[in-house]
Amino acid sequence: MSRDLPVADRRRVRRAALRLVRRDVPGFVATLLLNSLAAVAALVSPWLLGRIVDSVKAGDPVDLLAATAVVAALAQLVLTRYAERVGTRFSERVQEHIRAELLDRVLALPAATVEHLRTGDLAARGTTDVAVVGRTLRDAAPAILFSSLQALFLIVAVFLVDPLLGACGLFALAGIAAASRWYLRRARPAYLEEGAARSELAEHLAANAAGARTIEALGLQDRRTRAAERVIERGRTAQLRTLFLRGVLWPSVEVSSLLPPVLALLLGGVLLDRDQITLGAVVTCVLYLRQLGQPIETILIWLEQLQSSGASFARIEGLATSAREKVAAAEPRGDRIKAYGVHFAYEGGDDVVTAVDLTVRPGERLAVVGPSGAGKSTLGRLLAGIDRPRLGTVTVGSVPVADLSPAQLREHVVLVTQEQHLFLGTVRDNLLLADPTAGDDRLGKALAAVGADWVVSLDDELGSRSSGITLGPDRVQQLALARVILADPHTVVLDEATAMLDPRTARRAERSLAAVLEGRTVIAIAHRLHTARDADRVVVMDGGRVAEAGTHDELVAAGGVYEALWRSWHGSRG
């Protein structure tokens, strides 16, 4: 399975952008209308200035024209400010939709995808890429919209004043068009590469931070440093590539933007000498073409941000593809879990689970035990749909477990490990994640079932806030087990779920869970063999295979692998 999340193509990105616009049509129309009015108002003053020049030459009064020019300038200022305000609000609403969709897509990712993807890539998409798109929507989008309309109206206005001077301006702008086309053809892949390098760096830094003690203990500092240097070099190369593209674009634009007014002056002088145009018309066209440089410069200033944002938006939209990767074709028909001919190997390794055939009956309490490295946890992940078999099938109700959507999977099978997360907020907030409709009475019963008698109030703040309660791993695990009770699945896979609790609390929690989960299927993976003694059936894993299966008493009497484990564990306790 690939560890990299996909990137959306241009067609999907365009559809996504149109979808966001359709969600707020009034805001988009208001933004477009106000920017159009502001762009039209910007045309009035140069046109009036040309009229003033002709009126002065003819000896006519210009007071009314001058006053009208001042009013037009003020109207442009007011319309531009109001357009920025409306556009910014529209952009913030769109950004809110993007963030909400991103969260929904992350939560909808198949469990197998989440388990195998690069965490740095997901983190970069959820932070850096969203921030880049947000800045573009807030700052670049309104500026580009206004500047694009202004440039369009200015070119049309020059043509209306004099078509020949208008054609002269367009001819001079051909250099900008050519430079921009050259840049745009190369920018998207360059910025996608820069984003991928940024994700790889985030992944590398996260891995080093998480495994710092292991790296130091094994003396791997030099190796990790060399790896970091390679990652940094890739990022540097990607950034130099985008810098080169900007280095070609900007000089071309600077030169090309100076040509239209210069050519208009030269040609206008010739036409003026031939009495084919008035002096006021020449002034108006030159002012229009000189004014044209400002919106073009603004567009090109934000062009880099737009390309970077487009690449980031493509990476964000790529999550939608992963979120739709695996959806079950049908609802499971029943609660029976069955593994047939299952083989599984982690990427680049040999099989750690081999030829496993296992049927878990609804309502059965099954214990999976075995020596360290026997494949117990891997089997649990396969049964819970976290991993997909290399060969064979694992089904629930005749539907492959790994094909279930996250929502379906949570309704049928829940995996609880010793690694749990505490979210900032109250005790109630952390518990309602499992069932948002649960009342306080049900929340209290779930806490009591796992022995969480340390909870004074459901409104107690948890986490790292200054006023919050910092919990140890044992109490975090109790909250996780309480969430399992609230989620109410028909099958629970407990992978050493009580390992972080002290023996007395663990035993009490297991007994409480056994009472609460009565009638449900429980698959317990544990080193503490009292779990096996209380189970309906025990499966013994050895070397990735099912070595033995039976009740506790049957396996002890058989004198095999389980009997040796029981004797060793029981002896250590004695």
Item to check | Audit row: Ile232, Leu201, side chain to side chain contact (heavy atoms under 4.5 Å, CB included) steps and yes/no | outcome: CA-CA 7 Å; Ile232 292 171; Leu201 180 59; 4.1 Å; yes
Checklist entry - Going through the distances and angles, do Val396 and Thr491 end up as a side chain to side chain contact (heavy atoms under 4.5 Å, CB included)? => result CA-CA 10 Å; Val396 55; Thr491 298; 5.7 Å; no
Next on the checklist: Between Asp335 and Arg520, is the salt bridge (charged side-chain N to carboxylate O under 4.0 Å, His left out) condition met? List the steps.
Outcome noted: CA-CA 9 Å; Asp335 301 341; Arg520 291 172 175 76; over 6 Å; no
Next on the checklist: Assess the residue pair Val413 and Leu383 against the criterion (side chain to side chain contact (heavy atoms under 4.5 Å, CB included)); give the C-alpha distance rounded to whole Å, side-chain angles, the decisive distance to 0.1 Å, and a yes or no.
Outcome noted: CA-CA 8 Å; Val413 185; Leu383 296 176; over 6 Å; no
Next on the checklist: Under the criterion salt bridge (charged side-chain N to carboxylate O under 4.0 Å, His left out), I'd like the reasoning laid out for Arg236 against Glu233: C-alpha separation, chi angles, the key distance, then a yes or no.
Outcome noted: CA-CA 5 Å; Arg236 188 183 74 88; Glu233 178 60 25; 2.9 Å; yes
Checklist entry - Does the side chain to side chain contact (heavy atoms under 4.5 Å, CB included) test come out yes or no for Arg19 and His97, once each step is laid out? => result CA-CA 10 Å; Arg19 184 184 69 249; His97 292 321; over 6 Å; no
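We find that Lys376 and Asp495 are not joined by a salt bridge, their nearest charged nitrogen and carboxylate oxygen being 4.0 Å or further apart. Salt bridge Arg234/Glu200: present, at least one basic N to carboxylate O contact under 4.0 Å. Between Arg213 and Glu216, no side-chain nitrogen of the basic residue sits less than 4.0 Å from a carboxylate oxygen of the acidic one, so the salt-bridge criterion is not met. A salt bridge links Asp351 with Arg390; the closest basic N to acidic carboxylate O contact falls under 4.0 Å.
Interatomic distance, Ile523 CD1 to Arg365 CZ, rounded to the nearest 0.5 Å: 12.5 Å. In this structure, CZ in Arg333 is found 9.5 Å from OG1 in Thr395, a value given to the nearest 0.5 Å. Atoms CG and CG, from Asp429 and Leu462 in turn, are 8.5 Å apart once rounded to the nearest 0.5 Å. From Arg336, atom CZ reaches atom OG of Ser398 across 9.5 Å, with rounding to the nearest 0.5 Å.
For the pair Leu458 and Thr426, the minimum side-chain heavy-atom distance is 4.5 Å or more. A heavy-atom distance below 4.5 Å is found between the side chains of Leu443 and Leu432. Contact annotation: the side chain of Arg23 never approaches that of Arg93 to less than 4.5 Å [non-hydrogen atoms, C-beta and beyond]. A heavy-atom distance below 4.5 Å is not found between the side chains of Lys338 and Val394. In this structure, Val356 and Pro389 have side chains that are not in contact, with every pair of non-hydrogen atoms separated by 4.5 Å or more. Side chains of Leu431 and Leu447 form a contact here, defined as non-hydrogen atoms less than 4.5 Å apart. When side chains are defined from C-beta on, Asp441 counts as touching Lys445, because their heavy atoms get closer than 4.5 Å. With a 4.5 Å cut-off on side-chain heavy atoms, Pro371 and Asp542 count as touching.
With hydrogens and angles left out, the side-chain atoms of Thr378 and Tyr346 include a donor and acceptor closer than 3.5 Å. For the residue pair Thr225 / Asp222, no side-chain donor-acceptor distance below 3.5 Å is found, with atom types taken as modelled.
The two residues Arg537 and Thr359 come nearest to each other via the heavy atoms NH2-O, 2.6 Å. Closest approach of Leu555 and Gly550 over heavy atoms only: CD1-O, 3.8 Å. A pairwise comparison of heavy atoms in Arg381 and Leu415 identifies CG-CD2, 4.4 Å as the closest pair. Pairing each heavy atom of Leu404 with each of Val399, the nearest pair is CD2-CG1, 4.0 Å. The shortest non-hydrogen separation linking Ala402 to Asp387 is CB-O, 4.2 Å. Between Ala532 and Val369, the shortest heavy-atom distance links the atoms CB-CG1, 4.1 Å.
Between the side chain of Ser568 and the backbone N or O of Leu565, no donor-acceptor pair lies under 3.5 Å. Using modelled atom types, no side-chain atom of Arg533 and backbone atom of His552 make a donor-acceptor pair closer than 3.5 Å. With hydrogens and angles ignored, the 3.5 Å screen pairs no side-chain donor or acceptor of Asn208 with any backbone N or O of Leu205. For Asp435 (side chain) and Ala487 (main-chain N/O), no donor-acceptor pair under 3.5 Å exists by modelled atom type. Between the Glu364 side chain and the Asp536 main chain, no donor and acceptor come within less than 3.5 Å of each other.
The number of heavy atoms from other shown groups lying within 6.0 Å of CZ (Arg442) is above 12. Environment of CD in Gln221: crowded, with over 12 heavy atoms of neighbouring residues, nucleotides or ligands closer than 6.0 Å.
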